[in-house]
Amino acid sequence: MCGIVGYVGLQLASEIILDGLSRLEYRGYDSAGIAVISEKGLLELRREVGKLRNLVKDVMTNPLKGNIGIGHTRWATHGRPTVFNAHPHSDESGKIVVVHNGIIENYMALKEELKKKYEFKSDTDTEVLAHLIKDNYSGDLYKAVHKALQKVHGAYAICVIHADHPDYMVAAKNSSPLIIGIGEGENFVASDVPAILNYTRDIIYLEDGEIAVVSAEKADVYNLAGEKLSKKVSKISWNIASAEKGGYEHFMLKEIHEQPSSVAHALAGRASDADGKLYLDDLGITAEYLNTVKRITILACGTSYYAGLVGKYYLEKLARIPVDVDLASEFRYREPFVDDKTLVIGISQSGETADTLAAIKMVKELGAKTIGILNVMGSAISRETTGNMYIHCGPEIGVASTKAFTSTIVCMYMLSLYFGQLNGTINAEEIRKNIVELKTLPNIIEKVFDIEPAIKVIANKLANYKHCLFLGRNYNFPIALEGALKLKELSYIHAEGYAAGEMKHGPIALIDKDMPVISIATESATYEKVISNMKEVKARDAIAIALATEGDTALKEEVDHIMYLPRVKEELSPIVNVVPLQLLAYYVSLRKGCDVDQPRNLAKSVTVE
Ligand code: G6P
C-alpha cells in the first residue's frame, strides 16, 4: 500500500530515499514526502500531492543536505490526499518526524487526549504517533517510541527520526511489513525489498512487536519487553532489473508477456513427466493427514480469489475433496465451520493482504492446518502458515494482477494432482499425462501473443462503450469474473462477469446495442450452450465478441469479433483464456488514456481493511 524508506550513512540521504521511493511508488501514489536532518541539526520536511515526481522536482530545485532521513509514498486511508495529510508527520516542535504504513485503530481516542496538549494539523491517524512519541520523550527516542507503542492498537510499520539524534532512526512493526537493509557504513529501513536492492542485498526482516535502532554502523533490534534480539540477516538473490520495465511501455504489459516464463518457473522442479509424480513434499502434507481432511477452504481477495475459484474445480475433480472458496473479508466476520479436519489454503500474491492474513490467523486458532499459495517469500502470511507453495513469478509491479494469477492457477493444478497422488484418486499414468499437458502451457501462451494486433482492434472499439458483460462456464466462469475485473480496474468501464448459464436469470434484461458481450467459447463440454447464449445476444443487437479455439470457423457466423486461441485441454484453458482478456483490458485502458500501471484508487497490496 504505502511505501517507507529510511536512510542513515555517509551519502546524501535525499537521493537514496527518493530512489527507493520510486521503486515503491506502486504501493501508494497519491502523495509523497521526505524529511532530512541537515548538517546543522535542523529537520527539513518536504511534502507534495500527486506522483513522486512532484516531490523529486521540489528536492531538485531546492536540495536537501544531510545524511539521515525518512520518506514515504502514500495511499490515502485517513484524510484526503493533501499536503497536510502526506507523510512524514511531525510533532509540534518540528523535531520528531514519523512515516507510517497501516492503521492506528484507536487513534480517535488517543487524539482526543493529545488534542488537549498539542495542535493537530492533519486528518491522519499517523499524526497521533508523532505527538504521542513527543509526549513520551525525555531524551531517548527509542524509549519514547517503545512507550508510545504500548498505547497503540492497530497495524503499523513506522520509521522515526529526531533532530536532536542525527545519528539513528527508530523503526517498529506490527502487522505491516518492514525490513532493515544492512550496508557498509550505512543502513536502510524500508517497507519492501526493491526499495533498497540498489544498495544492499543483506536484509533483516522485522517481526511483529519488534523495535529497531538503526545507525550507520549497526542495527539493534529489541522485542516489546525491551530485550535485545539476535536477528538473522537474509541474502536477497533476485535482481533489481527483474523489477523494472525491461523495454515494455508498462509493467503490466511486461508482466503479461512474462507469462510463458513465469508459468514455466512455477512448474520447475515440481512436476516430473518422467515418473509421473508431483514433488511438493516441503508442504509438509502427508497421506495420513490428507486422509483426515474432510474439506478444504480457500481464502483470498481480488484476483487471488478468482484463482481460488478455479482451484475449487481442480481440487474437487482431481483430489475428490469438497472445497469452499471464500472472500477472506467475508469469512473472517462469519462464524465459519472450521476444525482440525479442515485444510485452509490462503492465496495471496503479496502475502500481505490484511483480510487474508487475519482470516489465516483466525483459522489457525480454530485448529485448521494452513497452506499459503504466495509470491513473496518472508511475507506476513508465509510466516503464519504451516506450509507454503510459492508461485515464483517474480515481483509483480503493475497494480492489476496478471502473471501472479496464471501462476497461481498452475500451482492450484499441481497441488490438486499432488493431493490426488497422495490419496490415490488419480493414478500415476493420468498424473503423467496431466504433467505433460501442463508443460505445454508456456509454448501455448506464447502463441496467444500472435493475436495481439487483433486484440488491439477490438479494444479500440470496446473503448467507446460504458458497459460490458463477460460470460463463461465451468472452469471459465472464474475467467469471466477476472476478465470483467481487469476491464473495470484498468479502463473504468462498468463490467460484469457472469456464469453463462445465469444469463437468462437477469443480465439478459440489460442486453442491447450498448452492452457488448464477451463470451468464452473455446472448446469445452459446454460449448454448444455458450453458442446459444451468443445467439441470444446477437438477437438483441449487442456486439458479440468471442474467445474461440483456432479452426472454429462456424462461430464466425454468430459473432462480430473473434479472438482465436491455440487448442488446450479444457481444464487448463483458464490459464490461456485469461491472457487475451488481460491484453484487451490493457489496450482499452491505453486507448482511453488511463493510468495502466496505477489505476485510480487502487493499490497493489491492501494491507488495511
Ligand atoms: C489488491 C490488488 C489486486 C489483488 C488483491 C489481492 O486489490 O489490486 O490485484 O488481486 O489486492 O492481493 P493479494 O496480494 O492478496 O493476492
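As the structure lists them, so they are numbered: ligands from 1, and atoms in each ligand from 1.
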Review point. What residue and atom, counting heavy atoms only, is the protein's closest point to atom 4 (C) of ligand 1, and at what distance?
Key: T303 N, 4.2 Å
Review point. Roughly how far, to the nearest 0.5 Å, is CZ of R270 from CG of L278?
Key: 10.0 Å
**Study point:** Closest protein heavy atom (residue, atom, distance) for atom 9 (O) of ligand 1
**Key:** V399 O, 3.2 Å
Practice item. Apply side-chain hydrogen bond (donor to acceptor under 3.5 Å, both in side chains) to E482 and T303, showing your working. Key: CA-CA 7 Å; E482 172 62 5; T303 289; 3.1 Å; yes
Exercise for review: Number the atoms of ligand 1 from 1 as they appear, then name those within less than 4.0 Å of a heavy atom of Q349, with their elements.
Suggested key: 13 (P), 14 (O), 15 (O), 16 (O)
Point to revise | atom 7 (O) of ligand 1: the protein heavy-atom neighbour that sits closest, reported with distance to 0.1 Å | key: V606 CG2, 4.0 Å
Point to revise | T356 N/O to ligand 1 N/O under 3.5 Å | key: no
Review point. Which atoms of ligand 1 sit under 4.0 Å from any heavy atom of S401?
Key: 9 (O)
Review point. With a cut-off of 6.0 Å (strictly less than), are more than 12 heavy atoms of other residues, nucleotides or ligands near CZ of R80?
Key: no
**Study point:** Carboxylate-amine/guanidinium proximity below 4.0 Å for E249 and K254
**Key:** no
**Study point:** L602 heavy atom under 4.0 Å from ligand 1
**Key:** no
Review point. Of the protein's non-hydrogen atoms, which lies at the shortest distance from atom 5 (C) of ligand 1, and what is that distance?
Key: C301 O, 4.0 Å
Check your understanding: Quick one: which ligand 1 atoms are inside 4.0 Å of a heavy atom on S304?
Key -> 10 (O), 13 (P), 16 (O)
**Study point:** For atom 11 (O) of ligand 1, closest protein heavy-atom neighbour
**Key:** K604 O, 3.9 Å
**Study point:** Salt bridge flag under 4.0 Å for residues E396 and K403
**Key:** no
Review point. In the protein, which heavy atom is nearest to atom 12 (O) of ligand 1, and how far is it?
Key: T353 OG1, 3.3 Å
Practice item. Validate the cation-pi geometry between K369 and Y289: distance from NZ or CZ to the six-membered ring centre under 6.0 Å, angle to the ring axis within 45°. Key: yes
Revision key, fill the gap. the protein heavy atom lying closest to atom 1 (C) of ligand 1 turns out to be A603 O, 3.5 Å
Point to revise | Any N/O pair E489/ligand 1 closer than 3.5 Å | key: no
Check your understanding: Would you call K312-D324 a salt bridge at under 4.0 Å N-O?
Key -> no
Check your understanding: What about Y306 and F405, are their ring centers closer than 6.0 Å?
Key -> no
Exercise for review: Look at the aromatic rings of F449 and H257 and report parallel, tilted or perpendicular, splitting at 30° and 60°.
Suggested key: parallel
